[in-house]
Amino acid sequence: MEVTNSQRLKYRQMSNQDADLFYLLDQDPLVMKYLNGGKASTYDDINNVFLPRLNSYRDIDKGWGIWKVSITESDDFIGWILVRPMDFFSESPQYENLELGWRFMQKSWGKGYATEAAKHIMHNIIEQMRIYKFSALAVHDNKASIKVMTNIGMSYLKSYRHKDPLLDVDVVCYQINCR
């Protein structure tokens with residue numbers, strides 16, 4: 001799958017070779033606040049948990065994985081967009097409903113980059129893969145992520161207890177059907 005550049009940003013699929021970027025992003029306690037209470041990831045976390053999880057759902061042809069987001073003019077890495085089937089780590093993955101997620105460096109917050117990147121990647125997947133349903137999750141207090149969800153056209157679907165091998169947390173789920 002190809003994802004073209006958007007107005008200010010460029011994208012590429014991330015892999016094990018990007019361990020340093022994943023680590024760098026996860027060192028900011030404010031970036032990690034709603035994920036794990038602000039605890040920085042270690043290289044052990046990245047190499048033994050994060051990357052194996054990424055590799056379990058990564059499918060370049062379908063656009064699944066984590067998309068590196070960089071500023072086009074400077075090539076500065078500012079964050080990433082996750083794409084994978086909803087409930088991937090459950091007994092019933094939703095292959096026709098893709099989860100979008102994001103994590104961005106604090107220096108890029110408030111500039112519309114997460115919205116631009118999530119919307120652009122979503123539309124590239126719609127055009128190339130004919131997937132029309134996308135969902136996103138956030139803890140209730142993560143107002144910035146919820147704002148990104150509404151900015152890309154998602155609407156509140158439900159609140160529930162989300163569980164996967166690493167998480168057990170109350171979340172809100174937003175969704176968009178693009179048909």
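Model, not experiment: these values are computed from the prediction.
Residues I126 and V3 share a single hydrophobic cluster, defined by chaining ILVMFWY side chains whose heavy atoms lie under 4.5 Å apart. Under the 4.5 Å side-chain heavy-atom criterion for Ile, Leu, Val, Met, Phe, Trp and Tyr, W109 and W102 are members of the same hydrophobic cluster. The hydrophobic cluster containing I60 does not contain V69, counting ILVMFWY residues as joined when their side-chain heavy atoms lie under 4.5 angstrom apart, directly or transitively. The hydrophobic cluster containing Y95 also contains L54, counting ILVMFWY residues as joined when their side-chain heavy atoms lie under 4.5 angstrom apart, directly or transitively. With hydrophobic clusters built from ILVMFWY side chains whose heavy atoms lie under 4.5 angstrom apart, W67 shares a cluster with L51.
Heavy atoms only, all atoms of each residue included: V83 and G63 are closest at CB-O, 3.5 Å. For I81 against A114, the heavy-atom pair with the smallest separation is CD1-O, 4.2 Å. Pairing each heavy atom of I176 with each of G153, the nearest pair is CD1-O, 3.5 Å. Closest non-hydrogen pair, A138 versus I146, comes out as CB-CG1, 4.2 Å. Residue G65 comes nearest to Y57 through the heavy atom pair CA-CE1, 3.8 Å, listed as atom of the first residue, atom of the second, then distance. Across all non-hydrogen atoms, the minimal contact from L25 to V31 is O-CG1, 3.7 Å.
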As a quick check of understanding, evaluate side chain to side chain contact (heavy atoms under 4.5 Å, CB included) for I125 and L98, giving each step before the final call.
CA-CA 10 Å; I125 291 171; L98 297 184; 3.9 Å; yes
Audit row: M154, L100, side chain to side chain contact (heavy atoms under 4.5 Å, CB included) steps and yes/no:
CA-CA 11 Å; M154 291 182 168; L100 293 176; 4.1 Å; yes
Side chain to side chain contact (heavy atoms under 4.5 Å, CB included), that's the test. Do Y34 and S145 meet it? Break it down for me.
CA-CA 10 Å; Y34 296 111; S145 280; over 6 Å; no
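Between L24 and M105 the shortest side-chain heavy-atom distance falls below 4.5 Å. A heavy-atom distance below 4.5 Å is found between the side chains of L9 and I78. At a threshold of 4.5 Å between non-hydrogen side-chain atoms, the residues F77 and I71 do not count as touching. The closest side-chain heavy-atom distance from M32 to S41 is below 4.5 Å. Residues W80 and F104 are not in side-chain contact: their nearest non-hydrogen atoms beyond the backbone lie 4.5 Å or more apart. You'll find the side chain of W64 stays beyond 4.5 Å of the side chain of M129, heavy atoms only. Considering only heavy atoms from C-beta on, L82 comes within 4.5 Å of E99 through its side chain. F88 is not listed as a side-chain neighbour of D164, based on a closest heavy-atom distance of 4.5 Å or more.
For S92, there are no side-chain hydrogen bond (donor to acceptor under 3.5 Å, both in side chains) partners two or more places apart in sequence or in a different chain. In this structure L157 satisfies the side chain to side chain contact (heavy atoms under 4.5 Å, CB included) test together with C173, Q175, sequence neighbours excluded. Shown here are the side chain to side chain contact (heavy atoms under 4.5 Å, CB included) partners of Q94, two or more places apart in sequence or in another chain: M86, D87, N97. Residues satisfying the side-chain hydrogen bond (donor to acceptor under 3.5 Å, both in side chains) criterion with S90, sequence neighbours excluded, are absent altogether. Legend: residues meeting side-chain hydrogen bond (donor to acceptor under 3.5 Å, both in side chains) with N47, ordered by chain and number and at least two apart, are absent.
Atom CE of M1 is separated from atom CG of N124 by 7.0 Å, given to the nearest 0.5 angstrom. Taken from CD in E127 to CZ in R130, the straight-line distance is 8.0 Å, to the nearest 0.5 Å. M122 CE to I131 CD1: the interatomic distance, rounded to the nearest 0.5 Å, is 13.0 Å. To the nearest 0.5 Å, atoms CG (D168) and NZ (K163) are separated by 4.5 Å. A distance of 9.5 Å separates CZ of R53 from CD1 of I66, quoted to the nearest 0.5 Å. To the nearest 0.5 Å, the span separating CG on D170 from OG on S159 amounts to 8.0 Å.
The closest donor-acceptor contact from the side chain of K62 to the backbone of R58 lies at 3.5 Å or more, if one exists at all.
With respect to F50, the ring-ring contact (aromatic ring centres under 6.0 Å, His included) criterion is satisfied by exactly one of F22, Y43, Y23: F22.
A salt bridge does not link K68 with D18: every distance from a Lys NZ or Arg NE/NH1/NH2 to an Asp or Glu carboxylate oxygen is 4.0 Å or more. We find that D28 and K33 are not joined by a salt bridge, their nearest charged nitrogen and carboxylate oxygen being 4.0 Å or further apart. Looking at D26 and R103, a side-chain N of the basic residue comes within less than 4.0 Å of a carboxylate O on the acidic one, giving a salt bridge. Between R8 and E116, at least one side-chain N (NZ, or NE/NH1/NH2) sits under 4.0 Å from a carboxylate O, which counts as a salt bridge.
When the shell of 6.0 Å around CD of Q27 is examined, it contains more than 12 heavy atoms from other residues, nucleotides or ligands.
Taking the ring axis of Y160 as reference, the NZ or CZ atom of K158 stays within 45° of it and closer than 6.0 Å to the ring centre.
For residues 117-147, the ring pair (Phe, Tyr, Trp, His ring centres under 6.0 Å) pairs, not counting sequence neighbours, are Y11-H120.
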